[in-house]
Amino acid sequence: MGDIKARGKEEDDDKAEVDIWNYVFGYVKMAVVKSAIELGIADAIDNHGSPMTLSELTTALGCEPSRLHRIMRFLVHYRIFEEEPTCQASIGFALTPLSRRLIRHGERSMAAFILLESSPVMLAPWHSLSARVLDGANSPFEAANGKDVWSYAETNPGHRKLIDDAMACNARVAVPAMIEGCPEVFDGLKSLVDVGGANGAALSMLIKAFPWIHGINFDLPHVVAVAPEVDGIEHVGGNMFECEVSDYNDRQSIERLQ
Ligand SMILES: C[S@@+](CC[C@H](N)C(=O)[O-])C[C@H]1O[C@@H](n2cnc3c(N)ncnc32)[C@H](O)[C@@H]1O
């Protein structure tokens, strides 16, 4: 019995010896996938229409072959891309279901979400997690970036665009499931408000599928000010916690809903 216990402990210890490296270099997967998106690796293979050799990929991306090769080896190891024979009987890199989600404008793209969450602004709060546990006065985001996430986005349009693009990724996956899985929920609805609807991506898909519905996309004024115009959708700016809206037209829209 004692022997079995001792062997179990030894195995746990051996496993820990390996697992600990996942914590030492845990950030590497995110960093490599982020670089794959920035380099446009999945987009290049998708545009090519068939597996690409290292040399074809290097030319298409205008990068240095040995460094790209190291990145590709890592991505193949994690089944993000796969190696396949090309028509010239050499080995090429092909897309997998995972790398299809890295195509920037792909149907089920999660590229923008990865770019948001791997941005220095979003990663900085995690560096002060322990400090926030000791002193919970500010949110980690506020402590790291000086403002809450939505005020920060208001004064940093680049970050705001990252958020809107990331939210649209999620909407492109979730909304079709709602449309296909439970269309009856929308029967008889005359209007639909998306509170915190960002640039209206989710609502646009719903209104396209159920065109009898009048869509109202409600978000902070600076967000709806740059949201694209879509037939059947009215953008309304305001603060959902204050029940206050930014101008007369917006107020009328809210009053119609009450
Ligand atoms: C996590 S995003 C959700 C986006 C969208 N609903 C989706 O799922 O794709 C939250 C949204 O709430 C908005 N928001 C945050 N605080 C708000 C407030 N006080 N009033 C109105 N909108 C707010 C943000 O600007 C942001 O677009």
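Atoms within a ligand are numbered from 1 in the order they appear, just like the ligands themselves. Computed from a predicted model, the values in this text were never measured in an experiment.
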N/O of Asp164 under 3.5 Å from N/O of ligand 1, yes or no? no

Kindly indicate whether the side chain of Arg100, heavy atoms from C-beta on, has any atom under 4.5 Å from the side chain of Arg108. no

Could you tell me whether atom 6 (N) of ligand 1 has at least one protein heavy atom nearer than 4.0 Å? yes

Ranked by distance from atom 27 (O) of ligand 1, the top protein heavy atom is Asp219 OD2, 2.7 Å

Going by the closest heavy atom to atom 17 (C) of ligand 1, which one wins out of Glu154, Met240, His222? Met240

Give the residue, atom name and distance (to 0.1 Å) of the protein heavy atom nearest atom 16 (N) of ligand 1. Trp150 CD1, 3.7 Å

Are Asp164 and Arg160 close enough, and set up right, to give a salt bridge (Lys or Arg N to Asp or Glu O under 4.0 Å), and what steps lead you there? CA-CA 6 Å; Asp164 287 344; Arg160 180 70 230 188; 2.7 Å; yes

Minimum-distance protein heavy atom relative to atom 1 (C) of ligand 1: Met167 SD, 3.6 Å

May I ask you to list the atoms of ligand 1 that are less than 4.0 angstrom from any heavy atom of Gly238? 20 (N), 21 (C)

Applying the side-chain contact (heavy atoms from CB on, under 4.5 Å) criterion to Ile80, which one of Ile41, Leu98, Leu95 satisfies it? Leu98

Kindly determine whether Phe210 and Ile179 satisfy side chain to side chain contact (heavy atoms under 4.5 Å, CB included), including the steps that lead there. CA-CA 9 Å; Phe210 311 111; Ile179 293 171; 4.0 Å; yes

With only distance considered, is Val223 within less than 3.5 Å of ligand 1 through an N or O on each side? no

Around atom 23 (C) of ligand 1, find the nearest protein heavy atom and jot down its residue, atom name and distance. Leu220 CG, 3.7 Å

What do you reckon, does Phe218 have a nitrogen or oxygen under 3.5 Å from a nitrogen or oxygen of ligand 1? no

For a 4.5 angstrom cut-off between non-hydrogen side-chain atoms, does Val76 reach Arg79? no

Taking only heavy atoms of Phe241, which atoms of ligand 1 are found under 4.0 Å from at least one of them? 19 (N)

Within the structure provided, determine whether Leu57 and Leu68 are in side-chain contact (heavy-atom separation under 4.5 Å). yes

Report yes if some N/O of Asn239 lies less than 3.5 Å from some N/O of ligand 1; otherwise report no. yes

Should Ile103 and Leu162 be counted in the same cluster of Ile, Leu, Val, Met, Phe, Trp and Tyr side chains packed under 4.5 Å apart? yes

Using only atom types and a distance under 3.5 Å, with no angle test, would you say the side chain of Asn217 pairs donor to acceptor with the backbone of Val224? no

Does some side-chain heavy atom of Ile71 sit less than 4.5 Å from a side-chain heavy atom of Phe74? no

To which of Ala168, Ala198, Gly196 does the heavy atom nearest atom 11 (C) of ligand 1 belong? Gly196

Quick check on Ala153 - does any of its heavy atoms sit under 4.0 Å from an atom of ligand 1? no

